[in-house]
Novice: 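For reference, the structure I am asking about is given below.
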Protein chains: 2
Amino acid sequence: MIDAEETTTARAAPAAPGLRELKKKQTREAMHRAALELVVEHGYANVTAEMIARRAGVSTRTFFNHWSTKESAILGILTGQSDSVVTRLVPALEELPHREALRQVMRDTLAAVPSDPELRDLKKEVMAREPKLHSISTGNLHTIQNEMVDILTGFLEGEDARERAFVIVQLAFALTRSAFAVAMARGIELTAAFDEVVELYDSGRADI
Amino acid sequence: MIDAEETTTARAAPAAPGLRELKKKQTREAMHRAALELVVEHGYANVTAEMIARRAGVSTRTFFNHWSTKESAILGILTGQSDSVVTRLVPALEELPHREALRQVMRDTLAAVPSDPELRDLKKEVMAREPKLHSISTGNLHTIQNEMVDILTGFLEGEDARERAFVIVQLAFALTRSAFAVAMARGIELTAAFDEVVELYDSGRADI
DNA sequence: TGCACTATTTCAGTGAGTGCAGTTTCTGTG
DNA sequence: CACAGAAACTGCACTCACTGAAATAGTGCA
């Protein structure tokens with residue numbers, strides 16, 4: 001909610017990022033990088049939010065204005081970024097089978113997560129050092145998941161629509177989480193990782 | 001680790017539960033019930049661990065000796081209970097295809113979670129009141145998930161064994177999480193909910 | 001230059017979860 | 001029944017993630 005995409009008075013093409021935007025972006029990158037570095041240096045458990053903030057040159061409060069969680073700063077998942085998932089889901093469901101709609105929305109969302117090539121090696125190190133980060137915690141995704149279930153339920157038929165929706169969303173997030181882990185571990189793009197995971201899933205080689 | 005199953009000097013048939021065991025069980029039930037009641041009364045966010053402990057008549061410290069998380073007390077997931085998942089996985093994988101092995105182990109684990117019929121209505125109320133609890137957070141499951149991935153990787157072949165294992169485990173947990181939510185929302189047994197979810201999954205009606 | 005808007009900061013606070021040291025409560029044994 | 005050893009329970013002090021409110025600084029624009 002905090003970090004909703006600015007409209008910069010125009011709807012598309014944000015031609016002039018503006019000094020403000022630029023600074024914000026820099027600050028974020030600084031925090032993200034600091035988080036990664038510190039985890040490599042000291043290990044996840046020994047890194048505090050304050051340490052990250054300090055290294056990035058901001059106050060602790062500012063840190064939490066950008067990232068809703070210590071973990072999210074490491075993963076680079078911005079607060080509010082996920083709003084778009086929900087917004088995009090309705091139109092997608094209107095013109096595609098739910099299977100494709102969900103996949104597309106999740107993929108697009110991953111595409112929107114900025115991924116600095118410079119940080120890839122750092123991320124690999126993080127993943128090598130911290131198995132705890134392999135599976136991203138559900139954390140603040142609760143809200144989105146529930147909203148997605150609500151929306152999807154409306155598009156499904158039958159008595160058990162809600163349950164089906166719930167399971168589907170859970171599975172979708174399982175794939176997304178996997179994509180995150182794979183992307184970080186291998187240093188590849190999130191979307192590429194997502195495609196790979198989906199391919200594994202579809203081929204039945206990751207069957208359950 | 002704390003709450004590993006006691007052997008009571010004999011291997012099978014725990015004939016004499018003993019006073020100690022009994023009290024422990026009672027205390028746990030009291031905490032679990034208190035947690036549920038308080039959430040219904042005040043909402044998840046407004047319930048503190050201290051409140052639960054106080055109502056159950058134990059110290060806060062004792063509360064955290066039994067439950068690793070406030071959330072786990074509400075859900076009734078005991079600390080250390082999950083060790084058995086890992087223990088059971090190896091033998092299961094040795095005699096079954098991994099698909100069946102994983103399903104069986106997850107199901108058995110759910111079967112081991114005590115579910116008091118008295119609490120079912122309470123749980124329904126909790127689920128109705130708290131959408132946040134619909135999807136159980138990954139929380140302290142990190143460790144188990146990673147161990148499961150390690151084990152499963154050993155049983156798979158090919159270059160991408162680890163990735164496949166990772167996706168499979170993620171999916172397995174997605175189903176398990178769903179089962180939890182369904183069980184609480186509908187007031188049915190965890191295993192029944194699990195079977196139902198798996199049925200949805202297998203039938204392709206919860207496809208993704 | 002001055003005004004509106006927003007990011008940042010400072011401050012004070014809540015509450016989860018942990019380690020430790022000490023005490024109580026049970027259980028098996030002689 | 002007494003007693004030693006093991007669990008479980010407790011109190012305490014502490015760390016740290018995260019939040020709300022109010023003050024402040026920095027930008028973009030007229």
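Proteins get letters first, then strands, A, B, ... in listed order; numbering begins at 1 in each.
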Novice: Quick test of your reading of the model: are A/E189 and A/R120 salt-bridged, counting only N-O distances below 4.0 Å?
Specialist: yes
Novice: Taking the side chain of A/N65 as its heavy atoms from C-beta onward, which of C/dT8, D/dA8, D/dA17 lies nearest to it?
Specialist: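 Of the candidates, C/dT8 comes closest.
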Novice: Given atom CD of B/Q26 and atom P of D/dA8, what is their separation to the nearest angstrom?
Specialist: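 Computing the B/Q26:CD to D/dA8:P distance gives 15 Å.
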Novice: From the set D/dA7, D/dT19, C/dG17, return the single nucleotide nearest to any side-chain atom of A/F64.
Specialist: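 My answer, after comparing the listed nucleotides, is D/dT19.
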Novice: Please check the phosphate of D/dA8 (OP1 and OP2 only) for any side-chain N or O of B/H66 closer than 4.0 Å.
Specialist: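 Checking D/dA8 against B/H66, no side-chain N or O comes under 4.0 Å of OP1 or OP2.
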Novice: From CD of B/E21 over to P of D/dA7, roughly how many Å is that when rounded to an integer?
Specialist: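 Value for this atom pair: 11 Å.
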Novice: Taking CZ from B/R28 and P from D/dA8, how many angstroms apart are they, rounded to a whole number?
Specialist: 8 Å
Novice: Please give, in whole Å, the distance from D/dC9 C1' to B/W67 CH2?
Specialist: 16 Å
Novice: Please report the distance, rounded to the nearest Å, between CD in B/E50 and C1' in D/dG11.
Specialist: 12 Å
Novice: Which word best sums up how the rings of B/F166 and A/H134 line up, parallel for under 30°, tilted for 30 to 60°, or perpendicular for over 60°?
Specialist: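 Because their plane-to-plane angle is over 60°, the rings of B/F166 and A/H134 count as perpendicular.
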Novice: Salt bridge check, A/R33 against A/E29: does any charged N sit closer than 4.0 Å to a carboxylate O?
Specialist: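 Salt bridge flag = no for A/R33 with A/E29.
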Novice: Over all heavy atoms of both residues, which pair between A/D207 and B/I168 is shortest? Give the atoms and the distance, please.
Specialist: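 The answer is O-CG1, 3.8 Å.
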Novice: Quickly work out the B/R61 CZ to D/dA7 P distance and round it to whole Å.
Specialist: 17 Å
Novice: Give one of base, sugar-phosphate or nothing for B/T69, where a contact means two heavy atoms less than 4.0 Å apart.
Specialist: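 The answer is sugar-phosphate, as B/T69 gets under 4.0 Å only of primed atoms, P, OP1 or OP2.
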Novice: Check each of B/L22, B/V58, B/N65 against B/T27 using the side chain to side chain contact (heavy atoms under 4.5 Å, CB included) test, and report the only one that passes.
Specialist: B/V58
Novice: To the nearest angstrom, how far is B/K24 atom NZ from D/dA6 atom P?
Specialist: 16 Å
Novice: Closest nucleotide of DNA chain D for B/R20 versus for B/G57: which of these residues is on the 5' side?
Specialist: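 Looking at the nearest nucleotide for each, B/R20 comes out on the 5' side.
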Novice: With respect to the side chain of A/K70, which nucleotide from D/dC18, C/dC26, D/dC16 is positioned closest?
Specialist: D/dC18
Novice: Which nucleotide in the set D/dA17, C/dT8, D/dC18 lies at the smallest distance from any side-chain heavy atom of A/T62?
Specialist: C/dT8
Novice: Check whether any side-chain nitrogen or oxygen of B/K23 sits under 4.0 Å from OP1 or OP2 of C/dC26, and answer yes or no.
Specialist: yes
